[in-house]
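Quick notes on the structure that follows.
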Amino acid sequence: MLSKDFSARKTIKHLSKSDMFRSIIVLPHVRFQNQERKEKVVLIIRRHPVMLFFKLFLNLVYFILGFVLIFWAASGFGAMIGEVPHRIIFILTILNIAFFVTSLFYSFVTWYFNLVMATTERIVDIDFLSVLEVKWSEARLSKIEDVSVTSPGFLAALFNMGNLEIQTAGTRGEFEIKHIPKPLRVQDVIMDLVTAVRQPTSVSTKPKRKTK
Amino acid sequence: MITTVTLTAWFYRALVLLFLALYVFFAGYLYFRVKTLARSVKTDHSGMLSSFAFLHFLVVVGLSVFLGFLVLLPF
């Protein structure tokens, strides 16, 4: 059984102080569908919060653009047409605010439920692709052959994020987890879990003592 | 008397009503999706998010009905 002072807790610090905006949670209080009795969730990984804030910022830009268009409409599109009724302006304003709130909520929900769980048995990847499509995929730790990290682009280098590619044996091949924070440390933890599954007695989940 | 102007006005009204109906459908579907996910993955905040999604759906329904009435009233 995993102890509370699992070494990953010390090797990966949380990116955000706020509970809801954490993108890496070690030993979380999480239960999921089809979880086996002895299976423990060791790590939850979400996309880097920068990706969420980028989306929220885009929503804000659309919101401001919407207001600019409404004001333009209120002036009769630069006096090109006659006066637009006040009721239409009111309806458009309310709709703009409503869409802004909806887009904020939608962006947050897609970020929150786009997650990867590393358990003591497997890796579970949940992709919230759209309202109409959610994809669950999983790979047994015993089937994992290789875990590689790529860190493409300027933003990835600036915010220490990258893509994790997990290659598995069998027909499915590999799956990729994009824009995760501290990818090298996550890779290290996943490789530790893989080693623990392959050689259960050789890997300890307790923190190592420092040798002098 | 039905004129082209009246028909065009009703066409735009129907378009707005369709848009509002789609918005309600989207909010409802989002609620069910979040509810299903919150049941499948129980985190500390999944219940709260599910409640927020329901609240969002109710607000969208109320707002759409209100705006629908405003659109249907004669100008």
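So you know, we letter chains A, B, ... as the sequences are listed, proteins then strands, and number each from 1.
- With a 4.5 Å cut-off on non-hydrogen atoms, A:Ile126 touches chain B through its side chain but not through its backbone.
- Both the backbone and the side chain of B:Leu70 come within contact range of chain A, each with at least one heavy atom under 4.5 Å from a heavy atom of that chain.
- Using a 4.5 Å cut-off between heavy atoms, A:Phe99 contacts chain B through both its backbone and its side chain.
- For a residue to count as touching a neighbouring chain, one of its non-hydrogen atoms must lie under 4.5 Å from one of that chain's; by this rule B:Phe52 touches chain A with backbone and side chain alike.
- Of all heavy-atom pairs spanning B:Ser46 and A:Phe113, the tightest one is CB-CZ, 4.4 Å.
- The OH atom of B:Tyr23 sits 2.5 Å away from atom OG1 of A:Thr102, with the distance rounded to the nearest 0.5 Å.
- Of the two parts of A:Val109, only the side chain, counted from C-beta on, holds a non-hydrogen atom closer than 4.5 Å to a non-hydrogen atom of chain B.
- To the nearest 0.5 Å, atoms CD1 (A:Ile94) and OG (B:Ser64) are separated by 11.5 Å.
- Most heavy-atom pairs under 4.5 Å with chain A, from the set B:His56, B:Arg39, B:Met48, B:Arg33: that is B:Arg33.
- With a 4.5 angstrom heavy-atom cutoff, B:Ala53 touches chain A via backbone and side-chain atoms both.
- Your options are A:Ile91, A:Ile44, A:Asn34, A:Leu95, and the one with the most heavy-atom pairs under 4.5 Å with chain B is A:Ile91.
- Heavy-atom distances place the side chain of A:Pro85, and not its backbone, under 4.5 Å from chain B.
- Contacts with chain A (heavy atom to heavy atom, under 4.5 Å) involve these residues of residues 9-20 of chain B, listed by number: B:Phe19, B:Leu20.
- In terms of non-hydrogen atom pairs under 4.5 Å with chain B, the most contact-rich of A:Ile88, A:Leu132, A:Val101 is A:Leu132.
- Contacts with chain A were tallied for B:Leu63, B:Leu49, B:Val59; B:Leu49 has the most, counting heavy-atom pairs under 4.5 Å.
- Heavy-atom pairs under 4.5 Å with chain A peak, among B:Val71, B:Leu67, B:Leu37, B:Thr43, at B:Leu37.
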Exercise. For A:Trp136 and B:Val41, what are the C-alpha separation, side-chain angles and deciding distance, and is it a side-chain contact (heavy atoms from CB on, under 4.5 Å)?
Worked result: CA-CA 11 Å; A:Trp136 283 65; B:Val41 185; 3.9 Å; yes
